[in-house]
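Here's the structure, in structure tokens; my notes come after.
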Protein chains: 2
Amino acid sequence: MAKPEIIEMVKQILTKYLRKQKLRKTPERFRILERVYEEDGHFDVDTLYKKLKANGFMVSKATVYNTLELLLHAGLVRKHLFSPQTAFYEKKFFTGSHDHLIILDDEGQVKKIVEFCDPRIEAIRKDLEKHTGLSIENHDLYFYAIDQKR
Amino acid sequence: MAKPEIIEMVKQILTKYLRKQKLRKTPERFRILERVYEEDGHFDVDTLYKKLKANGFMVSKATVYNTLELLLHAGLVRKHLFSPQTAFYEKKFFTGSHDHLIILDDEGQVKKIVEFCDPRIEAIRKDLEKHTGLSIENHDLYFYAIDQKR
DNA sequence: ATATTTGCAAAGAGTTTGCATCATA
DNA sequence: TATGATGCAAACTCTTTGCAAATAT
């Protein structure tokens, strides 16, 4: 759960983004943003949708999809595809750049996700940019470990 | 396109794997394996399926899915989820461990994939293993760069 | 006022499943 | 010959789309 100051700050960022892109400041977009920043780890669209409903805020799932895509473009969420079929999201602003160690059970299901940060990734990024002449926007690094069920 | 010796070798690996797992040595499994090793880069299920049909080998798409999953468990292919909806595969044996720089166009579509290899990843892996006590099986690292359409 | 955003339901894409048939061991 | 594998089509799941109604600017 993000601190209230953080929530205020990301709301301001969204406001600026919407203004710049000439998009509308709708209550749905802000309620979804708040809800995203109340999440602690990774979540999928359906989970977020159900929590919004549980909190008495009726939005359609299509709007949740649209808004998450918008927040992605605004740089306020991160999107992960570590399991096929379902995309996972997490809040991005001020959580720092980090990578993921994904612990699977013996059936290949995600059991736990550990976050870590290693400066060597940044060094690799810079070298790659120098080598290719391209500007690298971001990266995803996933290590996979298998842990027996017990 | 893999050399004939490589193809022979992976067929032997598959044979051993099937024997060990008490699974059947079907022509479909071997034809799909061959076709996979004739692919040069990343491919999706539908592309592989169409190429098999174009080569006069009739298999159902379900079998292609099943077999790719089997080859994944046998360590003979690698699976990637860099775009939502569609899984991509690539041959794995003897191609060396490498990572991916994904170049997107301004609409976010995959334009080009550049492979690279950096020993620092291996160093991070070893440190993580030491730190967590887990055995890390593999990893996926994707850097993303955006290139204008033209 | 007007054009974007929403909600709903239906369509779409990729993947998985169920069941009868086939074929490997 | 007995069980695992295949083929086909239908089912499933997640996501996107189309259109009418609502609403922000």
Side-chain angles (χ1 to χ4, degrees), chain A residues 11 14-33 35 42-53 55-74 77 79-89 107-110, chain B residues 11 14-35 42-53 56-74 77 79-89 107-110:
Chain A
K11 280 194 197 170
L14 179 56
T15 302
K16 280 184 194 167
Y17 176 82
L18 293 173
R19 194 144 46 208
K20 198 174 175 186
Q21 303 291 320
K22 295 193 193 301
L23 299 171
R24 288 185 186 163
K25 225 180 140 183
T26 64
E28 287 81 2
R29 287 172 174 167
F30 283 82
R31 286 297 286 271
I32 292 170
L33 178 66
R35 186 62 247 175
H42 304 83
F43 56 88
D44 61 17
V45 171
D46 199 56
T47 304
L48 197 75
Y49 171 68
K50 282 176 181 155
K51 288 197 179 175
L52 284 161
K53 277 212 302 191
N55 289 10
F57 188 62
M58 301 310 285
V59 261
S60 76
K61 211 175 251 187
T63 301
V64 178
Y65 276 105
N66 288 339
T67 303
L68 283 173
E69 207 59 24
L70 182 139
L71 296 179
L72 188 63
H73 283 112
V77 300
K79 185 177 184 176
H80 294 285
L81 301 168
F82 24 66
S83 85
Q85 307 284 26
T86 315
F88 281 80
Y89 294 85
E107 285 167 358
Q109 296 302 308
V110 176
Chain B
K11 280 192 197 170
L14 179 57
T15 302
K16 279 184 195 165
Y17 176 81
L18 293 173
R19 194 145 44 210
K20 198 173 177 186
Q21 305 290 320
K22 295 192 194 300
L23 299 171
R24 288 186 186 163
K25 222 181 143 184
T26 66
E28 288 80 2
R29 287 170 174 169
F30 284 83
R31 287 297 285 271
I32 292 170
L33 178 66
E34 285 177 47
R35 185 65 246 176
H42 305 82
F43 55 88
D44 61 17
V45 171
D46 197 57
T47 303
L48 197 76
Y49 171 69
K50 282 177 180 154
K51 288 196 181 176
L52 285 161
K53 275 212 304 191
F57 188 62
M58 301 311 285
V59 262
S60 75
K61 211 175 251 188
T63 301
V64 178
Y65 275 103
N66 289 338
T67 303
L68 283 173
E69 208 58 24
L70 183 139
L71 296 179
L72 188 63
H73 282 112
V77 300
K79 184 176 185 176
H80 294 286
L81 301 169
F82 22 66
S83 84
Q85 306 283 27
T86 315
F88 280 78
Y89 293 85
E107 284 167 359
Q109 296 302 308
V110 176

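Order of the sequence lines sets the chain letters (A, B, ...), proteins ahead of strands, with each chain counted from 1.
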Exercise. If we ignore angles and hydrogens, is there a donor and acceptor under 3.5 Å between the side chains of B:T63 and B:N66?
Worked result: no

Exercise. Is any side-chain nitrogen or oxygen of B:T26 closer than 4.0 Å to OP1 or OP2 of D:dA5?
Worked result: no

Problem set entry | Under-4.0 Å side-chain N/O to phosphate OP1/OP2 contact, A:S60 with C:dC8 | no

Mind calculating the distance between [atom1] ([X]) and [atom2] ([N]) to the nearest angstrom?
| X | N | atom1 | atom2 | answer |
| --- | --- | --- | --- | --- |
| A:I32 | C:dT5 | CD1 | P | 13 Å |
| B:N66 | C:dT15 | CG | C1' | 10 Å |
| B:K22 | D:dA5 | NZ | C1' | 17 Å |
| A:K53 | C:dC8 | NZ | C1' | 13 Å |
| B:L18 | C:dA25 | CG | C1' | 12 Å |
| A:E69 | C:dT4 | CD | P | 19 Å |
| B:L48 | C:dT15 | CG | P | 12 Å |
| A:Y65 | C:dT6 | OH | C1' | 17 Å |

Counting only side-chain heavy atoms from C-beta out, which of [options] sits nearest to [X]?
| X | options | result |
| --- | --- | --- |
| B:V45 | C:dT15, D:dA24, D:dG4 | C:dT15 |
| A:K61 | D:dT15, D:dC8, D:dT17 | D:dT15 |
| B:T86 | C:dT17, C:dG14, D:dT6 | C:dG14 |
| B:E28 | D:dA5, C:dT5, D:dT6 | D:dT6 |

Exercise. Can you tell if the side chain of B:L52 reaches within under 4.5 Å of the side chain of B:M58, non-hydrogen atoms only?
Worked result: no

Exercise. Any side-chain heavy atom of A:F82 within less than 4.5 Å of one from A:F88?
Worked result: yes

Problem set entry | B:Q85 or A:P27, whichever maps to the more 5' nucleotide of DNA chain D | B:Q85

For this session: Kindly indicate whether the side chain of A:R24 and the base of C:dT5 share any N or O donor-acceptor pair separated by less than 3.5 Å?
Result: no

Exercise. Any N or O donor-acceptor pair linking the side chain of B:R29 to the base of D:dA5 at under 3.5 Å?
Worked result: no

Exercise. So is B:K11 actually on top of B:F30's ring, under 6.0 Å and inside 45° of the axis?
Worked result: no

For this session: Give a yes or no answer on whether the side chain of B:R29 reaches the backbone of B:R24 with a donor-acceptor pair at less than 3.5 Å.
Result: yes

Exercise. Which part of the nucleic acid, if any, lies within contact of B:K25, taking any heavy atom under 4.0 Å across all strands shown: a base, the sugar-phosphate backbone alone, or nothing?
Worked result: sugar-phosphate

